[in-house]
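A short worksheet on the structure shown next.
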Amino acid sequence: MFGEDDLVRQHKGRGDLIGNIIVGCFILILARLWYLQIYQGDLFYQFSIENQLRKEIIKAPRGMIFSRNSELLTHNIPRFDAIIIPQYLKSKTFTLKKLANVLEMSVADIEKILKKNRGQARYRPVTIKKNISLKEVSIIETENSKMPGVRVQTFISREYRDGETGAHLLGYISEINQRQLPRYRNRDGYDYKLGDFIGQAGIEEKFDLQLRGDDGFEFVEVDARGRMRRNIRSNALFSGIENKEAVPGNNIRLTVDRDMQIAAFKALEEKVGSAVAVDVNTGEILAMVSRPAFDPTKFSKGLTKEYWSSLVNDERNPLRDRTIQEHYAPGSTFKTFTAIAALEEKIVTAEQELKCGGTYRLGRRVYHDWKRGGHGLTNVYKALRRSVDVYFYQIATQLDIDILAKYAKMFGFGEKTGISLSRETSGLIPTKEWKKKRSGEDWQLGETLSCVIGQSYVLATPLQLAMAYATIGNGGTLYKPYLIKEIFSNSGEIIEEAKPTELGKVEVSKESLKAVQRGLYEVVNNRRGTAYWYRGIGLEMAGKTGTAQVRSMSSKELFSRCEDMPYKDRHHGIFVGYAPYDNPKVAVAAVVEHGCHGSSAAAPVVRDVITTYMKKYMPEAHAKNSEKQRREYRKMLQERKRKEEAKKKREEALQAQEASLSQTGESEE
Amino acid sequence: MNRTALVDFFKRYDFTFFGIALAIFIMGVFNLYSATHASTSETMAGLFKVQAVRFALSMVVGLGVSFIAPKNYFRYSYFFYAVSVALLVLVLVLGHKGMGAQRWILLGPIRLQPSEITKIAVVLVLGRWYARTSPDKELGFKELIIPAILVMVPTVLIVAEPDLGTGLLVILIFLVISFYRRLKWKTIGILAVLALVSGGVMYKFGLKEYQRKRIVTFLNPGADARGSGYNAIQSKIAIGSGKFIGKGYLKSSQASLNYLPENHTDFVFSIFNEEHGFIGSLILISLYLILFFRFIWLSQSVPRMFDSIVAIGLMALFFWHTFINMGMVMGLMPIVGLPLPLMSYGGSSLMTFGICIGLATSISNARNLF
């Protein structure tokens, strides 16, 4: 590489030029420094000593949540916290004593709180007491000059109009915690800070990004004691600083009907259970209630330790949304789908009658019917109406479990429905392959016998049950359940509008569906139906009861009175139904844990919810049906009266006859 | 190596680069202590020690680099380049697996930041290309095509990470090297006009205000897009309040600046100015200028074209970091988050500058080696 010297020398001109440019650049830097430090130096110096520039965050108002009929379900209410900014805290003992007096706390308590927050920057506010009263606010504000560093902070508290009624559905918001902070910053690309409230469950969580809006900020000048002096815009020094306005969050209109939600909540009373109501023809969720519940307002106001521990320590787990996060053996409500499979696979015809005794023997094991004596000859209508176990046991011997699973899956079982809420569970529909994978053992025929009546491995969520029965009701279309009707901005502009999503059409003949629909109709409307006494007034409901065993039991236990068993052993009561039966609009599933019977525990819940629906959305049909039912009832009463009178007359006549006979006898003696 | 050879070696050894670096670093570590000592967090308060250890480490590596003759860097420049591009691809792939942006690869305890290596690799590869491809002629558009491709490949990868600042820096280094390699004035003029026109068109018609903001936050989420105005103002107050002689060491009163998360990385120069004033800055800037002119001197006194171009390239790397960082803290430029060489806290950048110093020393030592 000799002789390159010349080459290098050729570039000297450019090298020198680069040197000059660099000098030029630094002259620019020095000029700027001169301008800042010498020309404006005094101004900046004064400012840095006396004042400070602070960025005040302006919280964006959180979007509102409305019911399907545009009733407001949430409120944003201003609340006040007493805070201390440690940076400005002067004459500490005196100030703390005074503050302790105002807030009715001890100085030691305040010091403890300050100590706990020592790790964070000194200009960051430390909350001393949440939710202070207006009186306390006014004292702190007027005595402000005597308590440097103490301030009142306004925040918007999220309150829920119907309290516990919408707890699981709407969810709640609470402060972002240390663990979530980095995760959510990454997830949303949004610069969350400690103290920010975010949705932590339900709709509030899933649609947090929509509801949250975008915080703004404003620059203010504060003096050495931390008091605001003036808006920075008036200071020429800071021309060019731009404040940013807060953008309010978007609003959400739900598919949920407030009255039905309240009806379901009331109907569940103090029971442990849940209810889901869906629109049969769209998949819209009309009501979704889980009990026991919690008060979401208490979360957003700042959770107290006592309330939190009372929730966490409650064995019944009030935080769990039982409509989607819990799955149950569907019990007899699953027989409907076994019947469909049996009809479709031509194992039986609808009218074909099977002989059903009180037990069914498979090898050495005896399977019991719920009714000791059995039911006699049974076709598919009676099998559903009376929930005849032995009928389905007989079908089970000819029905491959994988075939049953195929039909169950068409109706949405065994898979998450995909509703826009967190932590949904998928339930379970067993197959041979599944069992092999799980335990390494082959499928047993006896297990099919349990599965056809919705016991053993079969598991479903209340939402899945409601959707499956809606599918029967609407003639075979499985919809994806959804909760959001529309999302609209604060100015009313519609951002997102939901439309029904079909997940699939079931491959089941019209005849089979018709047969099952008739069976379900008879469950409620036939005098021998298992839910006849809970049919309500004017509903024209169809449905199916289910009673799910919590654990396997001996026959002796099985026939003992459920109410006499220990609470934990009692059966779950399940009822799923839709109405009106000839043109279904609404389907409702209810599960009452340890409620013993599907009929007495769960059916009234469904009945109440459907009654609310009918009264609100189909008042004419409801009135007409009620009238019809009343007429029939009156007729029945009259009939009964007539019969009784006739009977009485007969008896009287008989007595009279006897009396006259004995009289004659006496007289004969 | 006998004794005389050893003495010879040390006689030839150019200590100036290490000397200037050490001088700037000493000012830096004292300044870092001042910036963090008031912090309530113990890790923060101990950062200056971590920084000292890292500096020592980077100097050791730099010394190692300086003992290798420049002809080896020439020989392996394409290899270095290929490795750095491969690492950039790797970091993109790995980064996509996790969430969000990722700029480094973990190798045991070492956090490898491929974009840092790329800065040096680009300088070397451009040095080799320009030194080998008719170095006696001026550059026109045609001669720019292949170097531009060599530069754009890693740049696109870096910007995709996303790290807009470093991507920009690589392009700026490319421009300085090409200028030095006698890019025709006509070409420079046309390029400048093209840049102005396309920039203007983009600004006027291509993007809406919120789109521009969105793109910047997308490419560089690390920069606090909403708060940058606040940081810039606080920084300006700090610098301005230093006046002529400063408030004195450890007397930075711009308290809230002490709690800004970036005050020990991007904003060290503000603290320095507040405490040492215009005079202090004059001294610090002089040190940087001495370093830059030593690089330029080096580029003129080497016998090989490759060495000369690399010297200019390394100078450009230092210069742009310094100029952009100072410009942004005093409100002359938007905040892009580039460290001030040898002053800012940060292991990866220290290591890069250490290697650069070693490379320059190696080139300088080879000056008279025939």
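Reminder, nothing fancy here: chain letters follow the sequence lines and each chain counts from 1.
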Task: Minimum side-chain heavy-atom gap Phe278(B)-Leu30(A) below 4.5 Å - done: yes
Open item on the list: Atom NZ of residue position Lys184(B) - does it have more than 12 heavy atoms of other residues, nucleotides or ligands inside 6.0 Å?
Closed with: yes
- [ ] Measure across Ser281(B) and Gln37(A) and return the closest heavy-atom pair with its distance rounded to 0.1 Å.
- [x] OG-OE1, 4.4 Å
Open item on the list: Does any backbone or side-chain atom of Phe292(B) lie under 4.5 Å from a heavy atom of chain A? Answer side chain, backbone, both or neither.
Closed with: side chain
Task: Check: Arg14(A) main-chain N/O paired with Arg182(B) side-chain donor or acceptor under 3.5 Å - done: no
Task: Approximate separation, where rounding is to 0.5 Å, of Leu33(A) CG and Asn273(B) CG - done: 5.0 Å
Task: Interatomic distance, Ser286(B) atom OG to Phe26(A) atom CZ [nearest 0.5 angstrom] - done: 10.0 Å
- [ ] Report yes if the side chains of Tyr45(A) and Lys247(B) come closer than 4.5 Å at any heavy-atom pair, otherwise no.
- [x] yes
TODO: Against chain A, label Tyr180(B) side chain, backbone, both or neither, depending on which of its atoms sit under 4.5 Å from a heavy atom there.
DONE: both
TODO: Would you indicate whether the side-chain heavy atoms of Met305(B) and Val8(A) approach each other to under 4.5 Å?
DONE: yes
TODO: Report, as yes or no, whether the 6.0 Å neighbourhood of atom CG on Leu332(B) holds more than 12 heavy atoms from other residues, nucleotides or ligands.
DONE: yes
- [ ] Name the region of Leu183(B), side chain, backbone, both or neither, that has any atom closer than 4.5 Å to a heavy atom of chain A.
- [x] both
Open item on the list: For chain A, which candidate among Gly246(B), Ala316(B), Gly277(B), Gly327(B) shows the most heavy-atom pairs at distances under 4.5 Å?
Closed with: Gly277(B)
Task: Spacing of Leu282(B) atom CG and Ile29(A) atom CD1 [to the nearest 0.5 Å] - done: 12.5 Å
Task: Nearest heavy atoms of Phe293(B) and Gly19(A), plus distance in Å - done: CZ-O, 3.4 Å
TODO: Find the one option among Leu28(A), Val23(A), Ile22(A) whose heavy-atom pairs under 4.5 Å with chain B are most numerous.
DONE: Ile22(A)
Task: Side-chain heavy atoms of Arg32(A) within contact of Lys236(B), under 4.5 Å - done: yes
Open item on the list: Once rounded to the nearest 0.5 Å, what's the spacing between atom CG of Asp136(B) and atom CG of Asp6(A)?
Closed with: 10.5 Å
- [ ] Drop me the distance from Tyr35(A)'s OH to Ile239(B)'s CD1, to the nearest 0.5 angstrom.
- [x] 13.0 Å
TODO: Specify which of Met326(B), Met315(B), Arg181(B) makes the most heavy-atom pairs with chain A at under 4.5 Å.
DONE: Arg181(B)
TODO: Return the option, out of Gly242(B), Pro135(B), Ser299(B), with the maximum number of heavy-atom pairs under 4.5 Å with chain A.
DONE: Pro135(B)
- [ ] Enter the distance from Ile38(A):CD1 to Phe244(B):CZ here, rounded to the nearest 0.5 Å.
- [x] 5.5 Å
Open item on the list: Check this for me: Glu138(B), atom CD, are more than 12 non-hydrogen atoms of other residues, nucleotides or ligands nearer than 6.0 Å?
Closed with: yes
Task: Residue pair Phe319(B), Ile18(A): steps toward the side chain to side chain contact (heavy atoms under 4.5 Å, CB included) verdict - done: CA-CA 11 Å; Phe319(B) 167 72; Ile18(A) 289 174; over 6 Å; no
Task: Portion of Ile285(B) that has a non-hydrogen atom of chain A nearer than 4.5 angstrom - done: side chain
